[in-house]
2 protein chains.
Amino acid sequence: MRTQRWASDLGPLRLLVAVGEHGSITEAARLEGVSQPAASKQIAALERAMSLPLLRRAPSGSTLTAEGEVVASWAGRVLATVEQMRGAVESMRVHADPDLVVAASMTVAEHLAPAWLSTLRATRPDVHVGLRVTNSHDVQELVVRGEVDLGFVETATLDPRVESRRLMRDRLAVVVAPTHAWAARRRSLGAEDLARTPLIVREHGSGTRDTLDRVLRANPADPLLVLGSNEAVKGAVKAGVGAAVLSVLAVGEDVRRGQLVEVAVDGLDLHRPISAVWRRGQRLGDASRTLLRTAASGSPA
Amino acid sequence: MRTQRWASDLGPLRLLVAVGEHGSITEAARLEGVSQPAASKQIAALERAMSLPLLRRAPSGSTLTAEGEVVASWAGRVLATVEQMRGAVESMRVHADPDLVVAASMTVAEHLAPAWLSTLRATRPDVHVGLRVTNSHDVQELVVRGEVDLGFVETATLDPRVESRRLMRDRLAVVVAPTHAWAARRRSLGAEDLARTPLIVREHGSGTRDTLDRVLRANPADPLLVLGSNEAVKGAVKAGVGAAVLSVLAVGEDVRRGQLVEVAVDGLDLHRPISAVWRRGQRLGDASRTLLRTAASGSPA
DNA sequence: ATGCCGTCATAATCTACGGTTATGAGGACG
DNA sequence: CGTCCTCATAACCGTAGATTATGACGGCAT
């Protein structure tokens with residue numbers, strides 16, 4: 001009984017939103033580049049798998065049912081996310097001749113850069129951007145050595161050989177699963193509560209871990225679990241293993257969805273700046289300036 | 001040249017995040033219920049398709065590369081969205097014996113209800129909720145007739161036979177593609193600008209269309225295009241066909257991603273309330289009250 | 001050292017899913 | 001009433017992806 005097969009192939013979802021947009025299976029099939037019977041069968045299979053009527057079929061065309069609209073809306077979100085991912089992948093792939101090379105720390109590369117680059121691509125389709133991903137320190141190193149035009153870092157400690165522009169403030173948040181005892185708390189957590197609780201953390205060297213250790217300099221408790229990626233940490237938290245401290249950029253979505261709960265904490269400043277950096281004295285090119293402007297206006301969160 | 005085949009099957013993405021979480025292809029394969037060679041091949045295929053090294057393989061296990069982490073992060077988001085969709089589908093499917101039946105108008109069902117129900121499911125896994133989707137008027141009708149326990153509507157005109165609780169304020173926004181002339185505007189739009197511009201709109205009877213017509217009662221211009229779903233409208237806007245007026249709930253994500261641009265408008269109140277309604281005098285059950293509380297605290301946007 | 005445990009990759013095989021073309025049924029419309 | 005569009009069904013076929021079996025490689029104990 002492979003877990004809900006309908007959720008694993010995007011073809012039918014593409015078809016469904018296309019039908020919603022054009023009111024016809026035949027037309028949708030044409031758009032997606034498959035034959036009409038194939039499209040018909042895919043959507044029928046989707047309906048069968050979901051046990052929901054998605055389309056109102058008629059010889060004059062097909063329209064979405066109420067359920068169909070809801071599903072199509074979600075499908076649209078899924079596809080948009082995939083599209084974003086496509087963009088991120090595209091920019092990480094070494095391009096033949098990028099007009100602009102930028103380096104970004106993990107958090108920025110994961111959560112911010114794709115949106116910036118997508119905007120840039122929409123307004124300036126001619127500019128090819130290459131993206132390199134490393135930690136905040138190495139980003140600055142690359143900038144200083146002139147290997148990249150622009151860097152994005154999430155640290156407060158800037159190399160004197162770079163100029164910088166502050167873009168926004170990131171914030172770390174304490175998160176737990178909705179079933180965790182802390183989720184029901186009404187009082188804020190104290191700094192000492194946090195320091196004495198074993199947490200799920202990233203490995204040493206990660207920007208998030210370093211920030212956490214710096215803030216909690218009063219000897220933090222031994223980690224409950226050390227994991228190699230933010231995704232892994234989030235997974236463990238959702239599974240109810242324990243609490244973690246992560247960037248709001250990483251958990252915002254999950255908190256909004258109610259899959260994670262943020263716990264307020266008193267007496268600690270968990271903010272950190274996100275900045276663009278470039279080599280001191282370096283005159284920024286046209287493309288760089290456009291990207292910088294995009295990033296600065298992008299999300300003044 | 002079927003468009004980028006790697007983006008169409010979620011299996012490999014599932015595998016990738018599982019590897020990130022457990023540091024081993026073998027373990028990930030076990031978790032996903034496939035054989036180890038299958039997993040190995042799927043991920044290898046993914047890397048080939050993306051032209052990116054995602055894993056650092058060793059006889060002691062596998063860890064994500066920097067690129068792998070970025071991709072895994074996006075994959076996580078994609079999968080989370082799919083999971084949400086699964087939840088929405090699950091609640092729309094007629095259940096054997098739902099403990100609680102709610103009705104929601106389109107906007108709520110599309111954008112709010114899944115998050116509420118997901119939260120509810122996390123804290124009260126025993127409660128089965130049935131969800132019916134119709135327009136705001138019919139929702140109230142169902143509530144009055146006692147066919148549903150609770151309703152959610154996005155309209156200001158409430159039936160006198162229901163009690164209600166205001167949950168949040170929705171807002172309509174004028175949106176255009178980033179390439180549209182209005183996207184570069186620095187001055188706000190005037191009400192008369194909007195009234196005289198042909199827009200892409202929903203069909204009559206849709207809550208969004210009705211709200212728009214009510215606000216723009218000074219005879220609005222003939223529609224540029226009439227489409228049957230919010231997704232269709234968004235698609236047309238992104239394609240650069242023209243401007244549209246849609247709920248921020250529907251376009252928020254796209255605006256944040258830079259795929260759509262909101263244009264400020266002066267002299268018009270585009271807000272509308274979102275409320276929970278139930279039959280006057282009806283004593284709410286335990287499950288209803290929990291859901292109501294969840295909805296109220298969910299997103300006080 | 002050496003043998004055992006784990007990891008991952010490759011090879012050979014087979015099934016079944018999803019694609020295609022061809023055709024038929026049904027309403028809309030001149 | 002015939003034509004033209006819609007969508008569904010049927011028969012056929014190719015291939016992607018699964019499986020089992022096996023081999024190479026490194027870590028770690030004895």
Side-chain angles (χ1 to χ4, degrees), chain A residues 1-50 52-65 68 72 75 227-229 232, chain B residues 1-50 52-65 68 72 75 228 232:
Chain A
M1 183 209 115
R2 55 190 340 88
T3 47
Q4 237 76 357
R5 177 111 183 98
W6 60 264
S8 101
D9 189 3
L10 299 185
L13 299 186
R14 282 218 170 73
L15 252 348
L16 186 69
V17 321
V19 171
E21 288 182 3
H22 298 98
S24 149
I25 295 183
T26 306
E27 181 68 5
R30 222 178 46 69
L31 269 280
E32 291 297 318
V34 299
S35 69
Q36 172 266 320
S40 188
K41 254 206 312 191
Q42 283 200 22
I43 294 194
L46 190 65
E47 287 181 303
R48 201 151 17 81
M50 290 185 166
L52 279 182
L54 301 176
L55 254 46
R56 212 171 299 113
R57 290 146 228 258
S60 57
S62 301
T63 61
L64 296 174
T65 62
L227 294 171
S229 77
Chain B
M1 180 209 116
R2 54 185 347 83
T3 47
Q4 233 77 359
R5 179 108 182 101
W6 60 264
S8 99
D9 190 3
L10 299 185
L13 299 186
R14 282 220 170 72
L15 253 346
L16 186 69
V17 322
V19 170
E21 289 183 3
H22 298 97
S24 150
I25 294 183
T26 305
E27 180 69 3
R30 220 178 48 68
L31 268 280
E32 292 298 319
V34 299
S35 69
Q36 171 267 320
S40 189
K41 254 208 310 194
Q42 282 200 22
I43 294 193
L46 192 65
E47 287 180 303
R48 197 151 21 79
M50 291 185 168
L52 280 181
L54 301 175
L55 253 45
R56 214 171 297 114
R57 290 148 227 257
S60 57
S62 301
T63 61
L64 296 174
T65 62

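Here is the naming used below: chain letters follow the sequence lines, and residue numbers restart at 1 for every chain.
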Presence of B:R57 side-chain N/O under 4.0 Å of C:dA9 phosphate oxygens OP1/OP2: yes

Approximate separation, where rounding is to 0.5 Å, of A:I25 CD1 and A:L55 CG: 5.5 Å

For atom CD of B:E27 and atom C1' of C:dC5, their distance in whole Å: 16 Å

Detail all sub-3.5 Å separations between protein N/O atoms and N/O atoms belonging to nucleotides 26-30 of chain C.
none

Value rounded to 0.5 Å, distance of CZ in A:R48 from CG in A:L54: 12.0 Å

Whole angstrom value for the distance that separates P of C:dG18 from CD of A:E32: 16 Å

Which residue lies more 5' along DNA chain C, comparing A:G33 with B:T26 via nearest heavy atoms: B:T26

Short side-chain N/O contact to C:dC8 OP1/OP2 from B:S62, under 4.0 Å: yes

Distance (rounded to the nearest 0.5 Å) between B:I43 CD1 and B:L16 CG: 5.5 Å

Taking every non-hydrogen atom, the tightest pair across B:E32 and B:L15: CG-CD1, 3.6 Å

Within residues 35-44 of chain A: residues closer than 4.0 Å to DNA chain C (heavy atoms): A:S35, A:P37, A:A38, A:K41, A:Q42

Separation of atom CG in A:L46 from atom P in D:dC7, rounded to whole Å: 16 Å

Which atom of A:T65 lies closest to which atom of A:R56, heavy atoms considered: CA-NH2, 3.4 Å

For atom CG of A:L55 and atom C1' of D:dT6, their distance in whole Å: 12 Å

Residues that A:A75 engages under side chain to side chain contact (heavy atoms under 4.5 Å, CB included), provided they are two or more places apart: A:L13, A:V17

Integer-rounded Å distance: D:dA18 C1' and B:R14 CZ: 17 Å

Length of the line joining A:R56:CZ and D:dT6:P, which is rounded to integer Å: 19 Å

Between C:dT10 (P) and B:I25 (CD1): distance, integer Å: 11 Å

Selected nucleotide, minimal atom distance to A:V34 side chain, candidates C:dA9, D:dT19, C:dT20: C:dT20

Side chain to side chain contact (heavy atoms under 4.5 Å, CB included) against B:R30, all qualifying residues, sequence neighbours excluded: B:E27

Validation: residues 34-42 of chain B side-chain donor-acceptor distances under 3.5 Å, sequence neighbours left out:
{"unit_1": "B:S35", "atom_1": "OG", "unit_2": "B:A38", "atom_2": "N", "d": "3.4"}

Runs of at least three consecutive pairs that involve DNA chain D, where pairs are Watson-Crick or G-U with distances under 3.5 Å: C:1-30 with D:1-30

Rounded distance in Å - CG (A:D9) to P (C:dA16): 19 Å

